[in-house]
There are 2 protein chains.
Amino acid sequence: MLEFAILGLLHQSPMHGYELRKQLAQVLGGLRSISYGSLYPALKRLHAAGYVTTDEPDPRAPLPADAPPLTGRRGKVVYTITAEGKERFHELVGQSGPEAYDDGGLFGVRLAFFRHTAADVRLRVLEGRRRTVELQREGLRASLSRTRERLDRYTLELQRHGLESVDREVRWLAELIDRELTDSHQRRADGAEPGDPPETSPRP
Amino acid sequence: MLEFAILGLLHQSPMHGYELRKQLAQVLGGLRSISYGSLYPALKRLHAAGYVTTDEPDPRAPLPADAPPLTGRRGKVVYTITAEGKERFHELVGQSGPEAYDDGGLFGVRLAFFRHTAADVRLRVLEGRRRTVELQREGLRASLSRTRERLDRYTLELQRHGLESVDREVRWLAELIDRELTDSHQRRADGAEPGDPPETSPRP
DNA sequence: CCGTCGATGTATCGTCCCGATACATCGGAG
DNA sequence: CTCCGATGTATCGGGACGATACATCGACGG
């Protein structure tokens with residue numbers, strides 16, 4: 001999941017780890033933040049896999065007689081996506097199976113990078129997510145009506161609130177899907193390229 | 001977090017790990033489930049800490065000449081809470097500081113065992129949680145109005161939906177707090193014990 | 001001119017949790 | 001009688017987290 005998000009951000013421009021974290025927090029919805037304990041190991045993995053490069057000139061050669069403080073020598077590192085990294089990102093962005101929407105966190109990241117996603121894939125991902133959440137809702141409803149009598153008021157409130165949240169998510173997804181379909185028809189009528197990501201204000 | 005939930009459940013009656021998992025899923029709101037990869041290590045920790053005992057008679061003594069299959073010898077294990085465990089649970093249940101509500105997951109568990117919690121602690125935890133979520137909401141609002149122009153429609157939708165969810169949670173918490181206050185006044189008027197957990201249907 | 005304070009920045013450690021997987025037992029349906 | 005699904009215990013590798021340490025730099029006031 002981090003892999004996806006990092007590649008997506010680096011796809012737009014090279015960045016420091018620090019900046020990456022800030023942008024990530026923004027894109028992820030503001031509440032979900034990413035810790036350095038996840039970020040740096042993830043960058044290390046991506047680097048090992050050849051998906052990103054660093055400008056670190058490796059700290060071992062060009063200063064034989066230069067040792068003022070010489071402590072730490074911690075330098076800033078700019079991460080840049082490679083051609084393989086871009087390929088990997090587009091491979092991930094093209095996936096529309098359960099791995100794209102079963103996990104809510106990953107789905108959020110997918111949504112944040114939907115502008116890089118083809119229209120048909122967008123639609124499949126949204127509908128898959130809706131199906132997943134609908135199943136959750138049904139399970140929740142069943143469980144709630146089964147155990148309504150045996151639960152105390154607090155547990156009951158917790159479940160009720162959870163169910164309403166899931167219900168709201170389903171309706172939200174339905175709205176997004178509707179909009180996708182409308183835009184798709186609109187594009188067909190306009191004769192525009194199919195798969196064009198709709199802009200923030202499609203018709204200003 | 002698991003520690004709390006497990007002790008809370010075992011507080012009611014001894015159980016197998018398997019049953020524990022099912023009850024846990026129920027109490028946690030139906031969506032959040034707990035995997036065995038978390039549960040058994042957690043039980044091991046609780047056992048090592050002396051908070052639970054098992055009926056496992058230890059597999060090393062009483063069958064010298066008994067070896068029909070002798071494979072595995074995997075037996076069922078019933079976990080029972082100890083006096084120290086109950087003490088630990090009440091210690092945890094009495095906490096009303098940030099550790100009780102800063103994390104949403106832990107707060108959910110707290111709520112699920114609110115019937116074991118004193119009325120004043122309940123109120124402090126609910127108000128603390130509301131404050132936390134309110135701060136989240138303000139941060140989200142600020143971030144959203146700051147970046148509204150630069151975000152594409154999908155990221156915008158994501159943030160909007162997130163903000164509405166947080167907003168709904170604040171209102172939900174306010175309702176719960178109101179109810180606590182009402183019940184508290186009611187109890188005072190009735191002359192009942194302060195701290196009585198309100199039942200599921202306080203006035204049938 | 002200096003100190004220190006907050007933002008920027010890199011990095012690791014221990015711990016927790018998860019999904020996948022393996023294995024074992026048992027009651028009932030076919 | 002046999003197979004199947006529910007019950008049941010357990011581990012493994014890996015990912016993510018919070019806490020923490022350390023380093024650099026600009027700005028601000030004393």
Side-chain angles (χ1 to χ4, degrees), chain A residues 1-7 14-26 28 31-49 52 54-59 67-79 98-99 102-106 108-109 132, chain B residues 1-6 14-26 28 31-49 52 54-59 67-79 97-99 102-106 108-109 132:
Chain A
M1 185 219 105
L2 256 193
E3 176 185 16
F4 192 112
I6 292 174
L7 289 179
M15 249 179 281
H16 288 172
Y18 188 86
E19 179 71 11
L20 215 33
R21 183 175 127 95
K22 281 198 308 182
Q23 304 259 346
L24 232 33
Q26 199 139 105
L28 274 262
L31 1 98
R32 285 239 177 270
S33 187
I34 284 308
S35 80
Y36 292 125
S38 318
L39 181 59
Y40 284 108
L43 284 170
K44 200 171 271 190
R45 287 196 300 274
L46 290 174
H47 189 232
V52 304
T54 72
D55 62 345
E56 193 94 54
D58 103 81
L70 185 52
T71 62
R73 276 295 308 154
R74 201 103 72 165
K76 308 191 181 185
V77 185
V78 175
Y79 295 90
E99 69 277 5
D102 266 7
D103 174 44
L106 184 48
V109 180
T132 296
Chain B
M1 186 221 106
L2 256 193
E3 176 185 15
F4 192 111
I6 291 174
M15 250 180 281
H16 288 172
Y18 188 86
E19 179 71 12
L20 216 32
R21 182 174 129 96
K22 280 197 307 181
Q23 304 258 347
L24 233 32
Q26 199 137 105
L28 273 263
L31 358 99
R32 286 238 178 272
S33 188
I34 285 306
S35 81
Y36 293 125
S38 318
L39 181 60
Y40 284 110
L43 284 170
K44 201 171 270 189
R45 288 196 299 275
L46 290 175
H47 189 231
V52 304
T54 70
D55 62 346
E56 194 94 54
D58 103 81
L70 185 51
T71 63
R73 277 298 308 158
R74 200 103 73 166
K76 309 191 176 183
V77 184
V78 174
Y79 295 91
E99 70 276 6
D102 267 7
D103 174 44
L106 183 49
V109 180
T132 295

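Chain letters run A, B, ... following the sequence lines, proteins first and then strands; every chain starts at 1.
- Here the C1' atom of nucleotide C/dT10 and the CD atom of A/Glu19 are 15 Å apart, to the nearest Å.
- When side chains are defined from C-beta on, B/His16 counts as touching B/Val78, because their heavy atoms get closer than 4.5 Å.
- Atom NE2 in A/His47 sits about 14 Å away from atom P in C/dT10, given to the nearest Å.
- Taking OG1 from A/Thr54 and CG from A/Leu46, the interatomic distance works out to 12.5 Å, rounded to the nearest 0.5 Å.
- Of the candidates C/dT10, D/dT9, C/dT8, C/dT8 carries the atom nearest the A/Lys22 side chain, counting heavy atoms from C-beta on.
- For A/Asp103 and D/dA16, the CG to C1' distance is 13 Å, given to the nearest whole Å.
- The distance from atom NE2 of A/His16 to atom P of D/dC25 is 12 Å, rounded to the nearest whole Å.
- For the pair A/Phe4 CZ and D/dG15 P, the interatomic distance rounds to 17 Å; values are reported in whole Å.
- The side chain of A/Tyr40 contributes no N or O atom lying less than 4.0 Å from OP1 or OP2 of C/dA11.
- One finds the CZ atom of B/Arg21 at 9.5 Å from the OH atom of B/Tyr40 (value rounded to the nearest 0.5 Å).
- With contacts defined as side-chain heavy-atom distances shorter than 4.5 Å, the pair A/Leu20/A/Leu43 qualifies.
- Close to C/dT12, at under 4.0 Å from its OP1 or OP2, lies a side-chain N or O of A/Lys44.
- Considering CD1 of A/Ile6 and CE of A/Met1, their distance stands at 8.5 Å, rounded to 0.5 Å.
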Check nucleotides 15-18 of chain C for protein N or O atoms closer than 3.5 Å to its own N or O atoms and list the pairs.
from   : atom 1 : to      : atom 2 : distance (Å)
C/dC17 : OP2    : B/Arg45 : NH2    : 3.0
C/dC18 : OP2    : B/Ser38 : OG     : 2.2
C/dC18 : N4     : B/Gly37 : O      : 3.2

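- Partner B/Val52 forms a side-chain contact (heavy atoms from CB on, under 4.5 Å) with one of B/Lys44, B/His47, B/Arg45 and no other, that one being B/His47.
- The CD atom of B/Glu99 sits 15 Å away from the P atom of D/dG18 (whole-angstrom rounding).
- As rounded to whole Å, 15 Å separates atom C1' of D/dG8 from atom CD of B/Gln23.
- Remark: P of D/dT7 and CG of B/Leu20 are 15 Å apart, rounded to the nearest angstrom.
- Here NZ of B/Lys22 is found 10.5 Å from CE of B/Met15. Values are rounded to the nearest 0.5 Å.
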